[in-house]
2 protein chains.
Amino acid sequence: MPKETFFNLPPEKRAKIEEAAIREFVEYSFDNASVNRIVKGSGIPKGSFYQYFEDKKDLYKHIMSLIIAKKMEYLTPVMKNPFDHDFFVIVREMYETGLNFARDNPDFVVIGNRLRSDPSHALFKEIIEDNIDKSNQVFEQLLILGIERGEIRPDIDLGLTAHLISALNVEISEYYQKHIAKKDDYFYDDGVLVTIGKFLDLLRFGIGKA
Amino acid sequence: MPKETFFNLPPEKRAKIEEAAIREFVEYSFDNASVNRIVKGSGIPKGSFYQYFEDKKDLYKHIMSLIIAKKMEYLTPVMKNPFDHDFFVIVREMYETGLNFARDNPDFVVIGNRLRSDPSHALFKEIIEDNIDKSNQVFEQLLILGIERGEIRPDIDLGLTAHLISALNVEISEYYQKHIAKKDDYFYDDGVLVTIGKFLDLLRFGIGKA
DNA sequence: AAGTCATGTGACTTCTTGGTCATATTATAC
DNA sequence: GTATAATATGACCAAGAAGTCACATGACTT
């Protein structure tokens with residue numbers, strides 16, 4: 001947690017520091033990010049930085065909390081009560097939410113993905129690991145319900161399938177950014193929905209000929 | 001490429017340097033790996049290091065080439081002529097190969113995955129990108145053949161599906177390392193085959209109730 | 001006006017980094 | 001034995017890092 005002095009700052013100054021930090025963390029990993037560059041980029045003296053934050057990690061965690069808060073804004077009513085709806089409706093909405101968030105906050109995605117993809121980093125355990133586990137558990141519960149309702153094949157491996165659906169959530173963003181997002185803005189939203197539909201079809205029916 | 005002097009070294013000395021480098025790159029990313037620690041770890045003077053390698057990157061690429069060479073050893077006859085076989089046979093063998101490699105060379109997997117998962121790193125483009133693209137292209141060709149043979153649904157999105165199958169190749173290793181590899185060695189090989197079977201079922205049939 | 005306390009400030013310290021280079025050692029050629 | 005070329009060596013360098021600290025400034029109390 002940043003120190004009290006940071007939160008006492010005028011909002012514009014606080015924003016300037018956060019923006020400089022985000023720029024830095026987009027460009028560099030936590031280890032390679034430089035406090036010197038961040039203070040230069042935000043126009044504050046080095047000493048002030050350490051009046052606001054315990055250390056570099058303190059700032060990093062603060063930025064991560066901003067990212068998480070922003071992601072929360074995208075949660076739809078359906079996702080807040082996932083157990084009340086059809087399995088594929090939930091998954092569709094989760095994927096859609098993820099893509100919308102990625103479209104609106106590409107910088108945040110870069111920062112988040114960099115950490116999420118290095119499980120050997122000390123900060124991974126500290127910040128990400130629990131969230132991934134919880135996400136998998138939610139999917140497992142959803143799968144169980146889906147099986148009870150007859151939406152899902154009952155002979156699947158729950159843990160493995162939950163893992164896979166989580167992984168696809170990430171994969172779909174990457175595929176989208178790499179192959180589709182560059183095209184004409186006019187078709188953007190269509191593109192999102194079509195891509196998600198294709199992903200869901202694969203998930204539901206597989207690729208084997210019936 | 002390392003310099004000639006490196007290849008003139010007695011093999012044990014060369015091996016010692018390579019082992020120290022692998023240890024370092026397992027623990028640290030390229031940027032955070034320290035030449036100082038590597039020379040200390042391999043018992044050679046700093047100056048000698050720069051007699052053997054242009055710079056840190058030169059060493060890193062050399063280690064990557066060792067990893068790639070090791071992976072090549074696992075290629076089966078089927079994989080060398082993939083277009084002669086049933087689609088799911090190929091994919092099964094690719095997944096199996098990947099898991100066997102991961103089981104025997106966990107250090108290499110750590111090093112490889114760290115680079116593979118950071119597309120924003122300059123070395124990613126230099127070392128990994130082409131391989132990923134080629135792998136996707138092979139899968140696309142395989143899918144086309146599979147459709148012609150009637151093994152695969154003809155209405156899938158080729159690019160997206162190829163991307164997904166590649167991604168699963170990585171995902172299966174991670175799932176395996178995280179959930180299964182720790183169990184009793186006696187069941188290990190069984191575990192590999194069972195896990196792959198489940199993955200393939202999901203790929204083939206999806207999770208939706210028919 | 002004087003005193004107190006939170007905040008602002010940047011020079012400074014200590015540490016580590018990747019890479020160099022003058023010199024020492026060894027092997028090879030004649 | 002002597003000359004030449006290849007290799008070995010570690011002190012050294014400049015750059016940059018994170019974090020500290022003595023002091024300056026300004027706002028608020030009394």
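Here is the naming used below: chain letters follow the sequence lines, and residue numbers restart at 1 for every chain. Note that the coordinates shown come from a computational prediction; the quantities given were computed from them, not determined experimentally.
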Original post:
Are B:Ser34 and C:dT17 close enough that a side-chain N or O sits under 4.0 Å from OP1 or OP2?
Top reply: yes
Its contact letters, B for base, S for sugar-phosphate only and - for none at protein heavy atoms under 4.0 Å, make nucleotides 9-15 of chain D read BB-----
Taken to the nearest whole Å, NZ/B:Lys40 to C1'/C:dT17 is 13 Å
Ranking D:dG19, D:dA17, C:dT17 by distance to the side chain of A:Asp55, first place goes to D:dG19
A:Lys16 bridged to A:Glu19 by N-O distance under 4.0 Å
no
With a distance cut-off below 6.0 Å to the six-membered ring centre and an angular limit of 45° from the axis, does A:Lys71 pair with A:Phe108 as a cation-pi contact? no
Note to self: With a cut-off of less than 4.0 Å, is there a side-chain N or O of B:Asn36 near OP1 or OP2 of C:dT17?
What the structure shows: yes
**OP:** Respond yes when some side-chain nitrogen or oxygen of A:Asn8 is under 4.0 Å from OP1 or OP2 of C:dA6, and no when none is.
**Re:** no
Practice item. Give the ring-plane orientation class for B:Phe199 versus B:Tyr95, where under 30° counts as parallel, over 60° as perpendicular and anything between as tilted. Key: perpendicular
Correct closest heavy-atom pair for A:Asp118 and A:Phe124 would be O-CB, 3.4 Å
Atom CG of A:Asp58 and atom C1' of D:dA18 are separated, to the nearest Å, by 14 Å
B:Phe30 CZ to C:dT17 P, in whole Å, measures 14 Å
Between NZ of A:Lys57 and P of D:dG19 the distance, given in whole Å, is 10 Å
A:Phe53 atom CZ is separated from C:dG8 atom P, nearest whole Å, by 12 Å
Taken to the nearest whole Å, OH/B:Tyr50 to P/D:dT7 is 19 Å
Rounded to whole Å, the CD-P distance (B:Glu4 to D:dA6) equals 9 Å
Heavy-atom closest pair (A:Phe7 atom, A:Arg14 atom, distance to 0.1 Å) is O-NH1, 3.0 Å
Quiz item: Under 6.0 Å between the ring centres of B:Phe139 and B:His163?
Solution: no
Atom CZ of B:Phe7 and atom C1' of D:dA6 are separated, to the nearest Å, by 17 Å
| field | B:Arg37 side chain near C:dT16 phosphate (N/O to OP1/OP2, under 4.0 Å) | value | no
A:Lys61 and A:Glu126: CA distance, side-chain angles, deciding distance, salt bridge (Lys or Arg N to Asp or Glu O under 4.0 Å) verdict: CA-CA 10 Å; A:Lys61 284 178 155 184; A:Glu126 207 167 329; 2.6 Å; yes
